[in-house]
Amino acid sequence: MPWKAIADPYRIWLSEIILQQTRVEQGLPYFERFVAAYPTVKDLAAARDEEVMKLWEGLGYYSRARNLLKAARMVATEYGGNFPDTDTGLRALPGVGPYTAAAIASFAFGQQVAVLDGNVFRILARFYNDLTPIDTGKGRKHYQKLVDMALGDASAKLFNQAIMDFGAMVCTPKRTRCSSCPLAERCGAYAAGTVGDLPLKEKKLKRRTRYFHFLVLADGEGRTIIEQRSGKDIWQGLYQFPLIETEQPNVETAALASQQDWPEWLPATALGFVRRSAPAKHQLTHQTIITVFHHFTWAEMISKIKGKTILKHNLLKNHAFPRVITRYLEEKSLLLDLF
DNA sequence: AAGACGGGGGG
DNA sequence: CCCCCAGTCTT
């Protein structure tokens with residue numbers, strides 16, 4: 001890790017938040033952008049929400065970005081710019097759970113606490129050939145006890161770093177490096193031939209499919225309309241083109257106007273249909289989203305709509321969008337003849 | 001205890 | 001296509 005040698009609690013915290021459920025290669029560019037934009041926690045605390053969301057754009061799990069800013073402001077105002085230096089104190093920060101608190105406490109403050117993350121679950125389950133599922137309350141307690149025993153009196157800072165490196169490089173989820181593993185001789189799963197089956201999980205993933213129709217509106221002067229997502233759904237705080245969601249696939253563009261959630265401010269009769277995109281599929285962890293972009297001209301676009309943002313299309317880049325949208329915008333040529 | 005929450009990469 | 005990733009929060 002580039003930040004491995006760094007003792008700055010701010011950077012350790014920032015990197016740990018970014019790396020939650022995220023691969024190092026994916027998170028690293030974001031870490032560098034954040035450090036460049038906000039060298040200290042006070043700089044981050046002073047940032048605008050929209051600016052932080054924009055920097056986080058594309059990384060996913062956007063509650064992390066919202067909590068990041070909340071926590072930074074908490075540290076800046078309530079703690080005088082200094083992070084809490086204990087596991088318990090760190091847990092009070094939004095977005096800091098058991099793993100992240102232990103990581104920061106050990107790496108930044110030398111506290112004697114063991115981390116329990118995906119790597120550690122995997123290594124322990126395999127080494128002890130342990131069939132206890134990792135995704136239950138009981139399982140977490142069980143493995144926490146095991147890792148606490150494994151840590152013993154060793155330096156938590158070194159142990160935590162070592163066990164996670166070991167999980168990232170040797171005892172990996174797939175294509176394990178058992179042939180060069182220094183623990184292979186003592187590994188229960190290796191002896192039993194169960195390495196590929198561990199760790200066990202109890203719950204299976206449920207998925208639902210949704211059909212999103214985005215309305216890309218253009219007046220004669222290069223303007224379009226976007227809205228900010230709110231509520232409890234995905235992509236909270238991000239922007240999107242006005243959205244109609246349908247229960248069924250293959251809905252005609254003309255039929256959208258009679259949908260429940262057709263915007264009340266948008267007179268369907270004033271729109272000129274230009275084109276619709278082919279359906280595109282986007283796989284999220286719990287949702288499969290099929291998107292269709294419908295292009296319209298709206299010659300007499302009204303200039304103020306409550307809760308909506310009307311802007312020149314070349315300024316779209318200043319707002320944070322879900323990948324579904326940015327990916328579509330990257331195919332710039334599709335928009336050229338519209339605006 | 002369940003469910004929700006993104007996006008990318010590997011097999 | 002399915003699983004996993006230096007997990008956390010809400011219900």
Side-chain angles (χ1 to χ4, degrees), chain A residues 1-4 12-31 53 56-68 70-71 90-107 114-123 125 133-141 143-144 147 157 159-169 171-176 196-210 229 231-238 281-289 320-327:
Chain A
M1 287 313 136
W3 50 75
K4 198 181 276 189
I12 290 171
W13 164 73
L14 178 60
S15 69
E16 293 299 344
I17 301 294
I18 287 176
L19 290 178
Q20 286 168 5
Q21 296 289 284
T22 303
R23 293 168 198 284
V24 174
E25 315 82 72
Q26 190 190 358
L28 184 52
Y30 287 84
F31 175 77
M53 293 309 285
W56 199 273
E57 180 184 62
L59 193 55
Y61 282 156
Y62 297 93
S63 66
R64 289 183 294 170
R66 299 190 298 271
N67 285 332
L68 187 79
K70 269 190 211 163
L90 287 159
R91 282 298 302 277
L93 300 175
V96 176
Y99 162 76
T100 306
I104 302 172
S106 62
F107 294 147
V115 296
L116 185 55
D117 76 332
N119 292 300
V120 179
F121 279 123
R122 191 169 60 248
I123 292 164
I134 63 172
D135 58 345
T136 66
K138 263 181 68 176
R140 279 187 290 278
K141 271 188 187 166
Y143 289 103
Q144 183 70 57
V147 74
K157 188 185 292 199
F159 176 89
N160 287 339
Q161 192 59 60
I163 196 169
M164 288 195 286
D165 284 350
F166 182 67
M169 300 188 298
C171 200
T172 48
K174 307 264 173 77
R175 282 176 153 282
T176 55
D197 304 323
L198 296 176
L200 252 39
K201 280 194 177 177
E202 203 163 72
K203 308 176 177 71
K204 36 226 158 247
L205 191 61
K206 270 190 229 159
R207 250 182 210 144
R208 65 170 169 147
T209 301
R210 304 172 72 178
R229 291 184 65 87
K232 292 177 181 171
D233 208 345
I234 53 174
W235 303 325
Q236 208 183 111
L238 273 62
K281 185 167 154 180
H282 303 274
Q283 190 62 65
L284 307 186
T285 299
H286 295 273
Q287 303 185 16
T288 303
I289 296 179
F321 295 92
R323 279 296 280 149
V324 166
I325 307 264
T326 56
R327 189 170 294 155

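Quick caveat, the model's predicted, so the values are computed rather than measured. All chains are named by letter (A, B, ...) in the order of the sequence lines, taking the proteins before the strands, and each is independently numbered beginning at 1. Heavy atoms only: backbone and side chains are in, while hydrogens, waters and symmetry mates are out.
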Nucleotides bounding contact with chain A, strand DNA chain B, heavy-atom threshold 4.0 Å:
B:dA1 to B:dG11
Tell me, please, which residues at least two apart from A:R327 pass side-chain contact (heavy atoms from CB on, under 4.5 Å).
A:H282, A:R323
I'd like to check the side chain to side chain donor-acceptor pair (under 3.5 Å) partners of A:N119; sequence neighbours left out, ordered by chain and number.
A:D117, A:R122
List for me each residue that meets side-chain contact (heavy atoms from CB on, under 4.5 Å) alongside A:A71, sequence neighbours excluded, and say none if there are none.
A:W13, A:L93, A:P94
Distance, P atom - from C:dA6 to B:dG11, rounded to whole angstrom:
14 Å
Contacts of type side-chain contact (heavy atoms from CB on, under 4.5 Å), residue A:K281, not counting sequence neighbours
A:Q283, A:T288, A:I290
So the stems of DNA chain B, runs of at least three Watson-Crick or G-U pairs (under 3.5 Å), are B:1-5 with C:7-11, B:7-11 with C:1-5
When the C1' atoms of C:dT8 and B:dG9 are compared, how many Å lie between them, rounded to an integer?
23 Å
If you look at every strand shown and take non-hydrogen atoms under 4.0 Å, does A:N160 touch a base, only sugar-phosphate, or nothing?
nothing
Identify, with sequence neighbours excluded, every residue that meets side-chain contact (heavy atoms from CB on, under 4.5 Å) alongside A:Y30.
A:I18, A:R33, A:L59
Can you pull every protein N or O that's under 3.5 Å from an N or O on nucleotides 8-11 of chain C?
{"from": "C:dT8", "atom 1": "OP1", "to": "A:G97", "atom 2": "N", "distance (Å)": "2.7"}
{"from": "C:dT8", "atom 1": "OP1", "to": "A:G97", "atom 2": "O", "distance (Å)": "3.3"}
{"from": "C:dT8", "atom 1": "OP1", "to": "A:T100", "atom 2": "N", "distance (Å)": "3.0"}
{"from": "C:dT8", "atom 1": "OP1", "to": "A:T100", "atom 2": "OG1", "distance (Å)": "2.7"}
{"from": "C:dT8", "atom 1": "OP2", "to": "A:P98", "atom 2": "N", "distance (Å)": "3.3"}
{"from": "C:dT8", "atom 1": "OP2", "to": "A:Y99", "atom 2": "N", "distance (Å)": "3.2"}
{"from": "C:dC9", "atom 1": "OP1", "to": "A:G95", "atom 2": "N", "distance (Å)": "2.4"}
{"from": "C:dT11", "atom 1": "OP1", "to": "A:K232", "atom 2": "NZ", "distance (Å)": "2.9"}

Pairing residues for A:Q26 by the side chain to side chain donor-acceptor pair (under 3.5 Å) criterion, not counting sequence neighbours:
none
Pair A:Q20, A:Y99: side-chain N/O donor-acceptor within cut-off below 3.5 Å
no
Comparing A:R23 with A:H286, nearest DNA chain C nucleotide closer to 5' gives the residue A:R23
When A:K174 and A:Q287 are each assigned the nearest nucleotide of DNA chain B, the 5'-most assignment goes to A:Q287
Please name all residues satisfying salt bridge (charged side-chain N to carboxylate O under 4.0 Å, His left out) with A:D233, sequence neighbours left out, ordered by chain then number.
A:R210, A:R229
For A:Y143, give me all partners under ring pair (Phe, Tyr, Trp, His ring centres under 6.0 Å), at least two apart in sequence or on another chain.
A:F121
So, using side chain to side chain donor-acceptor pair (under 3.5 Å) as the criterion, who are the partners of A:T22 when residues are at least two apart?
A:R64
Could you check how far CD of A:Q21 sits from P of C:dA6, rounded to whole Å?
9 Å
Distance between P atoms of C:dT10 and B:dG6 (Å, rounded)
14 Å
